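Remarks on the structure that follows.
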Amino acid sequence: MIPRQLAPWVLAVAAAALTGCGGGGTSVTDTAGTTPGATFTPGNWTWELPSGFAVPKVPEGNPMSAAKVDLGRFLFYDKRLSGNGKQSCASCHHQDKAFTDGKAVAVGSTGQFHPRAAQGLANVAYNATLTWVNPSLVTLEKQMEVPLFSEDPVEMGVNDGNKAEVLSRIATEPLYPPKFAAAFPGETPAPTWGQVIQAIAAFQRTLISGNSKYDQYIQGKATFTPAETRGLNLFMGEKAECFHCHGSFNFNDHVVHAASRVVETPFHNTGLYNIGGTGNFPEGNQGLFEFTAKAADRGLFRAQSLRNVELTAPYMHDGSIASLEAVLDFYAAGGRHITSGPNAGDGRTHPNKSDLITLIDLNAQERADIVAFLKTLTDHDFITNPKFSNPFPAQ
Ligand code: HEC
Ligand code: HEC
């Protein structure tokens, strides 16, 4: 049964699955203008997209190519790309954890703690803005300058003092010159930081995850247990409210793709903190407020995609909720009341908290059902796909 409140794209795809025309390559166009399951070839690059997935948006200056993606994969996994040679992108973005790192907050190459948790990279090409809350980071190319060059907190630790040296490490590694030549034909000299960034961005755009049990269910290729079905209906319904903020094909509300006309970039306060009743969140993690300085933006963050969420614990921007069960308890309570310690305060009464969170009404069985449903979003092909794995031999 399909719940009434399902998002239009789900209805389109599910209806197609029910009438038996969703698989087999027949094209079904949903309301977002996507062509599920289609193969789309701009230039010399072929997207192989799961059913229901739109063609990703690619910046004009950085067209996709197989050679660029290949180079980007090597660079993503190469520790020589950090100042002290200790970290690659993959040090904080592990494939087996859907490209998160299992830590509450990330730790950079010099040991400095990041205020926030490393994020998963599944379907990152479709995120309208990047990171937990920065509204100005709208391309992967721009976002990458943060982990590479940021000085506070230090992540990869590339700075003006070592930039040239790091690049020469790459240039003198024999495997790279032919790869740069293939990825950037006719561009000399190579490599440049611009090329490094473009190649890694192209690789990240291929990190597409759309073969979970849920995807197979929507295509009529898998069956849900009664608990998973109840969880799906709750998730997409007005008792749990989840779909309002996690209702897109990517289970968030922050989607951009090649044919997007209107791109929405909402941020929300879910009631995690309200230190001393002042509305404050922990220092350095005040959400959108850090960028706008508006009181109404205090504690607002981007809703995370819930694809592969079973693998991305601990949860929330600061990793402050340990398990999916605890996330559901948090939502069912309408926010978090911290009774002792430096962050004590009642997040449930935060003035900026989304009204939707207050409406969530779930008993223990319903919470367990939603957790069962969330686990259907795990895509085992994605976390084992050799195209996304470390290309360097194990050391
Ligand atoms: C020290 C650990 C660390 C390293 C190394 C690191 N990242 Fe991250 N990554 C993070 C953290 C933490 C966030 C969340 C940042 C925030 O919200 O401010 C993040 C966020 C991201 C995002 C945004 C994802 C989204 O959903 O919006 C992308 C993309 C990304 N990283 C790519 C990379 C790439 C590419 C590299 C290598 C050049 C890299 N990261 C290196 C920790 C790391
Ligand atoms: C008002 C919008 C909104 C609603 C409704 C909502 N969420 Fe969220 N969700 C968010 C935001 C925003 C975050 C990130 C919050 C943060 O880190 O501060 C989030 C984070 C999460 C996370 C953690 C993801 C991660 O990788 O850390 C899970 C799991 C989650 N939500 C599940 C749900 C479920 C299940 C429901 C329904 C019971 C729900 N959400 C309802 C906005 C919402």
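Note that the coordinates shown come from a computational prediction; the quantities given were computed from them, not determined experimentally. As the structure lists them, so they are numbered: ligands from 1, and atoms in each ligand from 1.
Judged by distance alone, the side chain of Arg302 and the main-chain N or O of Thr131 form a donor-acceptor pair under 3.5 Å. A distance-only check finds a donor-acceptor pair linking the side chain of Ser109 to the backbone of Glu155 [under 3.5 Å].
Near Met156, with a cut-off below 4.0 Å to any heavy atom, the atoms of ligand 1 are 5 (C). Heavy-atom proximity to Thr270, at under 4.0 Å, picks out these atoms of ligand 2: 10 (C), 11 (C), 12 (C), 42 (C). The distance from ligand 2 to the heavy atoms of Ile370 drops below 4.0 Å at these ligand atoms: 35 (C). Close approach to Glu241 involves these atoms of ligand 2, each under 4.0 Å from a residue heavy atom: 5 (C). Within ligand 1, counting atoms from 1 as listed, the ones closer than 4.0 Å to a heavy atom of Cys92 are 1 (C), 2 (C), 3 (C), 4 (C), 5 (C), 42 (C), 43 (C). Contact atoms of ligand 2 toward Ser354: 1 (C) (distance under 4.0 Å to a heavy atom of the residue). Taking a cut-off of under 4.0 Å to the non-hydrogen atoms of Cys245, the atoms of ligand 2 that pass are 1 (C), 2 (C), 3 (C), 4 (C), 5 (C), 42 (C), 43 (C). For ligand 2, the atoms lying closer than 4.0 Å to a non-hydrogen atom of Leu272 are 16 (C), 18 (O). Residue contact check: Leu324 has heavy atoms under 4.0 Å from atoms 29 (C) of ligand 2. Atoms of ligand 2 found under 4.0 Å from any heavy atom of Gln304 (numbered from 1 in listed order, with element): 24 (C), 25 (C), 26 (O).
For atom 11 (C) of ligand 1, the nearest non-hydrogen atom of the protein is Ala118 CA, 3.5 Å. Here the heavy atom of the protein found nearest to atom 12 (C) of ligand 2 is Phe301 O, 3.4 Å. The nearest heavy-atom contact from the protein to atom 28 (C) of ligand 2 is Leu306 CD2, 3.5 Å. In this structure, atom 14 (C) of ligand 2 lies nearest to the protein heavy atom Arg302 O, 3.6 Å. Scanning all protein heavy atoms for the shortest distance to atom 15 (C) of ligand 2 gives Met316 SD, 3.7 Å. For atom 30 (C) of ligand 1, the closest heavy atom belonging to the protein is Gln143 OE1, 3.4 Å. Among all non-hydrogen protein atoms, the one lying nearest atom 17 (O) of ligand 2 is His317 N, 2.6 Å. Looking at atom 38 (C) of ligand 2, its nearest protein heavy atom turns out to be Cys242 SG, 2.7 Å.
Neither side chain, Lys353 nor Asn274, offers a donor N or O lying under 3.5 Å from an acceptor on the other. Side-chain contact check for Asn159 and Glu151: no donor-acceptor pair (N or O, by modelled atom type) lies under 3.5 Å. There is no side-chain donor-acceptor pair under 3.5 Å between Asp379 and Ser212. Between the side chains of Tyr273 and Asp318, a donor-acceptor pair is found at a separation under 3.5 Å.
Close N/O approach between Asn127 and ligand 1 is found [any backbone or side-chain N/O within under 3.5 Å]. The distance criterion of under 3.5 Å between nitrogen or oxygen atoms is not met by Ser88 with respect to ligand 1. Where the criterion is an N or O separation shorter than 3.5 Å, residue side chain and backbone included, Arg116 meets it with respect to ligand 1.
The closest approach between Gln119 and ligand 2 stays at or above 4.0 Å for every heavy atom of the residue. At least one heavy atom of Val107 sits closer than 4.0 Å to an atom of ligand 1. Taking a 4.0 Å cut-off on heavy atoms, Trp132 registers as neighbouring ligand 2. Heavy atoms of Gly108 approach ligand 1 to within less than 4.0 angstrom.
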With side chain to side chain donor-acceptor pair (under 3.5 Å) as the test, would you mind laying out the steps for Lys68 and Asn62 before giving the verdict?
CA-CA 9 Å; Lys68 211 185 272 178; Asn62 190 19; 2.7 Å; yes

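Atom NZ of Lys239 has more than 12 neighbouring heavy atoms from other residues, nucleotides or ligands inside a 6.0 Å radius.
Aromatic ring centroids of Phe251 and Phe243 lie 6.0 Å or more apart. You'll find the ring centres of Phe74 and Phe392 inside the 6.0 Å limit. Aromatic rings of Tyr126 and His254 (six-membered ring for Trp) have centroids beyond the 6.0 Å cut-off, not under it.
Nearest to atom 31 (N) of ligand 2 by heavy-atom distance, out of Tyr315, Phe235, Tyr331, is Tyr331.
Residues Arg169 and Glu165 are paired through a salt bridge, judged by an N-O separation under 4.0 Å between the basic side chain and the carboxylate.
When heavy-atom distances to ligand 1 are checked against a 4.0 Å cut-off, Leu121 comes that close only through its side chain, counted from C-beta outward.
Distances from atom 8 (Fe) of ligand 2 show that His246 has an N/O/S atom below 2.8 Å. With 2.8 Å as the limit, His93 counts as an N, O or S neighbour of atom 8 (Fe) of ligand 1.
Of all non-hydrogen atoms in Thr100 and Gln119, the two that sit nearest each other are CG2-C, 3.5 Å.
For the pair Arg73/Ser389, a side-chain contact is recorded, criterion being any heavy-atom separation below 4.5 Å from C-beta on.
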